[in-house]
Amino acid sequence: MSPTPEETPAASIATGKPQKYEFFKVVQGYLEEAGKIAEIPEYITTILSQPKNEIIVNFPVKMDDGSIRLFKGYRIQHNNLLGPYKGGIRYHKSVSLDDLKALAAMMTWKCALMNLPLGGGKGGIKFDPNEVSRDELQRITRRFIHALGSNIGPDADVPAPDMGTDARSMAWAMDTYMNTVGHVFKQAVKGVVTGKPVASGGTLGREKATGQGVVHCITEWAEEKSFDLGGSTLIVQGFGNVGSHLAVILSRLGVSTIAVGDHTGYMYNPEGFNPHKLQEYVKKHRSIAGYPSGKSITREEFFRIKADIFAPCAMENQVGADEASALQVRLVAEGANGPCSPEGEKVLLDRGIDILPDVLANSGGVTVSYYEWVQNKRSESWTLEEVDERLERAMKRAYREVVELARQKKSSLRVAAYAVALERIAAVYAERDIFP
Ligand code: NAD
């Protein structure tokens with residue numbers, strides 16, 4: 001039977017409708033590949049192939065119209081060998097248990113790669129945060145955190161923002177958790193979540209940290225390739241926390257953002273958007289829709305634009321073989337987790353397009369979350385310069401380690417990033433052995 005028009009590759013690039021994609025299996029595949037090149041004992045890759053805990057909670061929330069809606073929330077705790085589980089909370093209509101398992105595993109690799117004393121976790125609720133009011137969003141967040149109960153905590157599992165959540169959601173999360181532990185311990189548990197507003201115990205530099213970290217990788221790449229970023233061009237998919245900060249920071253290095261896209265559509269401006277103004281607009285209107293500068297284009301046209309850098313900063317499985325064949329860029333810098341499918345990655349690499357893989361490129365977020373957690377533990381407030389300097393050193397060190405291992409093993413940067421992380425985790429398993 002021939003495929004329906006919706007299933008043809010052309011339709012997929014036009015609509016972004018994902019073909020069947022098993023994100024967790026994809027991540028498991030990279031784990032196996034990296035385990036081989038890092039020569040990790042098989043029992044360790046077997047342990048790491050599944051999360052330790054998969055928590056599912058169902059909780060009712062009173063909506064503004066008085067009706068009661070039941071929500072399903074997930075928290076995946078992948079591995080805590082190196083420290084408490086750590087990872088974001090995602091609100092999106094496509095959230096699924098399996099995708100969260102993939103994302104939680106990736107957090108384990110990121111924390112190990114960045115040398116943080118933290119493990120990997122991820123959580124989320126399947127709903128569209130754009131379709132509920134601010135008050136409903138607050139009640140959903142508070143009930144979710146309450147339902148998770150003692151499964152989370154500053155020394156157990158520390159959530160953070162991810163797609164659909166932000167500093168405000170983390171303030172509600174912290175406040176809810178604080179009010180469940182009793183008055184005496186209230187102030188001691190600020191570190192139950194990171195990515196909080198600065199006034200509520202967050203750190204300077206966290207909001208931009210993920211975008212900033214991607215930019216450190218891009219500047220390292222540019223130096224290595226003798227590529228002049230000044231006067232170069234960027235296209236960005238996803239203009240939320242990661243995408244907007246990345247575009248703003250790159251603009252200071254002379255990089256012009258000529259096309260952007262989000263869940264509402266795509267826009268092109270050959271003269272370059274003003275990323276500050278667009279960021280302000282998105283904060284107010286929750287999307288790029290209706291932004292007065294630039295021309296509306298299709299998703300397919302977006303992927304065919306000639307530019308130097310493409311930064312996917314939305315979600316997984318956005319660059320399949322068709323998008324990868326269409327892209328006319330030199331570099332794909334993965335702000336999002338899992339934006340390139342393995343087929344997409346193969347096409348990109350065969351075409352000589354470099355990829356800065358997610359586990360390395362977007363690990364600035366968890367790194368600065370760790371700085372926030374440390375400041376909370378010590379009741380300290382670091383300056384922005386201090387945070388920025390630490391992040392820059394950490395990202396550049398990780399970049400060099402990954403590039404060096406990829407060179408030695410003749411592997412992709414993605415598999416090398418997994419392998420550096422695995423080597424660290426395996427060393428600890430070798431010393432501690434398996435209980436009992
Ligand atoms: P966000 O909610 O602030 O922004 C998400 C953006 O993606 C929005 O612009 C949204 O419109 C867009 N989007 C959603 N669905 C889309 C679709 N189908 N097509 C095109 N665009 C779509 O989220 P964020 O925090 O910026 O996270 C974006 C990505 O970065 C996610 O993959 C997340 O896991 C990853 N990430 C985030 C952080 C962080 O610190 N926030 C850290 C590491 C990785």
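For the numbers below, each heavy atom of this structure counts, side chains included, while hydrogens, waters and symmetry mates do not. Both counts, for ligands and for their atoms, begin at 1 and track the order of listing.
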Between R397 and E401, does any side-chain N to carboxylate O distance fall below 4.0 Å? yes

Test your reading of the structure: does V242 have an N or O sitting under 3.5 Å from an N or O of ligand 1? yes

Is there a polar contact, in the sense of an N or O pair closer than 3.5 Å, between G238 and ligand 1? no

Does R414 come within less than 4.0 Å of E334, counting only side-chain N to carboxylate O? yes

Counting heavy atoms only, which part of T210 comes closer than 4.0 Å to ligand 1: side chain, backbone, both or neither? side chain

Does ligand 1 have an atom under 4.0 Å from some heavy atom of R299? no

Between E300 and T298, is there a side-chain donor-acceptor contact under 3.5 Å, judged purely by atom types and distance? no

For E316, state whether at least one heavy atom is located under 4.0 Å from any atom of ligand 1. no

For G164, the ligand 1 atoms with a heavy-atom partner under 4.0 Å come out as 2 (O)

Can you spot which of V332, L349, L331 makes a side chain to side chain contact (heavy atoms under 4.5 Å, CB included) with D354? L331

E323 and side chain to side chain donor-acceptor pair (under 3.5 Å): which partner among Q237, R299, R304? R299

T165 N/O under 3.5 Å from ligand 1 N/O: no

Does some non-hydrogen atom of S287 fall short of 4.0 Å from ligand 1? no

Looking at R206, which atoms of ligand 1 are within less than 4.0 Å of one of its heavy atoms? 40 (O)

Determine, step by step, whether F127 and Y91 satisfy the ring-ring contact (aromatic ring centres under 6.0 Å, His included) criterion, reporting the C-alpha distance in whole Å, the side-chain angles of both residues, the deciding distance to 0.1 Å, and the verdict. CA-CA 6 Å; F127 79 107; Y91 294 166; 5.0 Å; yes

With respect to N362, determine whether any N or O atom, backbone or side chain, lies less than 3.5 Å from an N or O atom of ligand 1. no

Do K126 and K72 come close enough that some side-chain heavy atom pair is under 4.5 Å? no

Suppose I only count heavy atoms of F239 and a 4.0 Å limit; which atoms of ligand 1 are within that range? 9 (O)

